[in-house]
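Below is one structure, written out as structure tokens, with a few remarks after it.
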Protein chains: 2
Amino acid sequence: MDKTEISTRPERKTQSWTQDPEGVRRNILEAARIEFVEHGLRGARVDEIAAKTATSKRMIYYYFGDKEGLYRAVLEAMYERIRSFERGLDLSALPPREAMAKLAGFTFDYHAENPDFVRMVMIENIHHARHLSSSAKIAELNLSIIGVIRDIYERGVAQRLFRPGLSPLDIHLTTSALSFYNVSNRATIRQVFDHDMGAPEVLARRRQTVVETILAMLRR
Amino acid sequence: MDKTEISTRPERKTQSWTQDPEGVRRNILEAARIEFVEHGLRGARVDEIAAKTATSKRMIYYYFGDKEGLYRAVLEAMYERIRSFERGLDLSALPPREAMAKLAGFTFDYHAENPDFVRMVMIENIHHARHLSSSAKIAELNLSIIGVIRDIYERGVAQRLFRPGLSPLDIHLTTSALSFYNVSNRATIRQVFDHDMGAPEVLARRRQTVVETILAMLRR
DNA sequence: GACCAAATGAACCATCTGGTACATTTCAAT
DNA sequence: ATTGAAATGTACCAGATGGTTCATTTGGTC
């Protein structure tokens, strides 16, 4: 079947393996995540992803269709992951200020601990979020965080702890921005200010400032 | 000199033009900016840049060496541009709170009005800011903004308007984050929350919240 | 144990893309 | 007018890269 006879490989023309579709899928997804996060959609090389895999490039196309299909799969998997973490929070029992501080702290920590997620969101924004279109899961995820914030905020306003007039989205955007930026812009911040936002002490200090800022924003 | 005789072009084998090195340079830079901002470093196509140019691909390599050289040139030009705007501010005459509000407002507006700059910074961060290394101009630029903030902040602390204990960089990072995020993550915010941060009313409202948040952060 | 769809391997290809070779023209100094 | 360096046009290429073709194997089902 080989068109060429000059192969230097041994006589073996066939090979054995065990089937494991789900394992192969996960394995590809993991390798792809690393590559896309590091090099972006266009910068990532399919051959390089395949090389990092326990299987072959053939399998990438078999399971994911094309490069963009693989990218979308990686993106979805990352968004699904964050949801599971968020569910672990139980804020409805805490008083408003404590609840908000805990939520802000969690958001800050999640971003700091998951730079891959942050980079993926950056990359997706560069591409105008065109791969994030028709995913019901994502809508659900984010509606839920808004709901959590609304609950805390309304309790806080009712107790005259928070100033009225803000929208839950305002609060979420502020929290996200202050959590996202340190990670997303870490490289330019280091170059420009010679200040490493990834250093533990720096990060801890920044965390406190961010939480305090959120609370200051809410104060009457 | 043509190796092929099947050209369908007219007999003309030579052509006339006027020399204009600086114009050509600027023209290339402008076309490159558009392409890099839209597609990123790897995504941008040199042929496409050349096509948007009044001249040829040959000139790109003549003036900028290679694709990365061109990218660096675009990046530097954008950083230089923001400096000229910043100089226009005169904040030393204003009282601390007003000065800080004006600075925050300016920062917010500059980001909102220059999404190209924001995208370029995003792209550079994706690449770990490796093209931003040895530029003295950039260091100077950013040192100056820190100096401006320090001046305002120290006056505010001396007048017991601001709480002590913050660093100028803290304040700058907060201002930047709140100005950057709306623009950098506009695409995902729209997809996820069905909320367009680019709409004028939305932007104006957000601007006010951001300025208020900065002031709240500083308040004793 | 025959059979078939799902799963996998290995080589191959068409095209895109950054970069270059070479000839030619402009412009300023002499 | 001459000349040489800077500037420009045209065609071309080598390698990288996304994607495909074709054959083969596995595992379950009857």
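Here is how names work: the chains are called A, B, and so on, in the same order as the sequence lines, proteins then strands, and each is numbered from 1. Given the structure is predicted, the values throughout are model-derived calculations rather than measurements.
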Original post:
Rounding to a whole Å, what distance do you find between A:Tyr61:OH and C:dC13:P?
Top reply: 17 Å

**OP:** Give the rounded distance in Å between these two atoms: CD1 of A:Ile28 and P of C:dG9.
**Re:** 10 Å

Original post:
Looking only at side-chain N and O atoms, does A:Ser56 come under 4.0 Å of OP1 or OP2 in C:dT8?
Top reply: no

Original post:
For A:Ala50, which contact category applies under a 4.0 Å heavy-atom criterion: base, sugar-phosphate, or nothing?
Top reply: nothing

Subject >> Set of ring pair (Phe, Tyr, Trp, His ring centres under 6.0 Å) partners for A:Phe106, sequence neighbours left out >> reply: none

Subject >> B:Val46 side-chain proximity, nearest of D:dA6, C:dG18, C:dG19 >> reply: C:dG18

Original post:
Rounded to whole angstrom units, what separation is found between the CD atom of B:Glu35 and the P atom of C:dG18?
Top reply: 10 Å

Subject >> B:Phe64 CZ - C:dT20 P separation (whole Å) >> reply: 16 Å

**OP:** Scan for salt bridge (Lys or Arg N to Asp or Glu O under 4.0 Å) pairs involving residues 102-116 of chain A, sequence neighbours excluded, and state none if there are none.
**Re:** A:Arg33-A:Asp116, A:Asp109-A:Arg207

Original post:
Roughly how far apart are B:Leu178 CG and B:Arg206 CZ, rounded to 0.5 Å?
Top reply: 6.0 Å

**OP:** Among the candidates D:dT17, C:dT8, C:dG18, find the nucleotide nearest to the side-chain atoms of A:Asp47.
**Re:** D:dT17

Original post:
Checking only heavy atoms, does the side chain of A:Arg58 share a donor-acceptor pair with the base of D:dT21 at less than 3.5 Å?
Top reply: yes

Original post:
Of all the nucleotides listed (D:dG18, D:dG9, D:dT8), which has the minimum atom distance to the side chain of B:Val24?
Top reply: D:dT8

Original post:
Over how many whole Å does the gap from A:Ile60 atom CD1 to D:dT20 atom P extend?
Top reply: 13 Å

**OP:** Mind listing the closest non-hydrogen atom pair of B:Arg45 and B:Glu35 along with its distance?
**Re:** N-OE1, 4.3 Å

Original post:
Does B:Lys57 get its side chain close enough to the base of C:dG19, under 3.5 Å, for a donor-acceptor pair?
Top reply: yes

**OP:** Identify whether the distance between the nearest side-chain nitrogen and carboxylate oxygen of B:Arg205 and B:Glu201 falls below 4.0 Å.
**Re:** no

Original post:
Any idea which of D:dG18, C:dT8, D:dG19 is nearest the A:Asp66 side chain?
Top reply: D:dG19

**OP:** Measure the distance from NZ on A:Lys67 to P on D:dT17 and round it to the nearest whole Å.
**Re:** 9 Å

Subject >> From C:dT20, C:dT17, D:dA6, nucleotide with atom closest to B:Arg45 side chain >> reply: C:dT17

Original post:
Does A:Tyr62 place a side-chain N or O at less than 4.0 Å from the phosphate oxygens OP1/OP2 of C:dG9?
Top reply: no

**OP:** Pick base, sugar-phosphate or nothing for B:Ala54, based on heavy-atom distances below 4.0 Å to the nucleic acid.
**Re:** nothing

Original post:
What is the distance from CZ of A:Phe36 to P of D:dG18, rounded to the nearest Å?
Top reply: 9 Å

Original post:
Among D:dG19, D:dT8, C:dG18, which nucleotide sits nearest the side chain of B:Met59?
Top reply: D:dT8

Subject >> Atom-to-atom span, CG of B:Asn27 to P of D:dT8 - whole angstrom >> reply: 11 Å

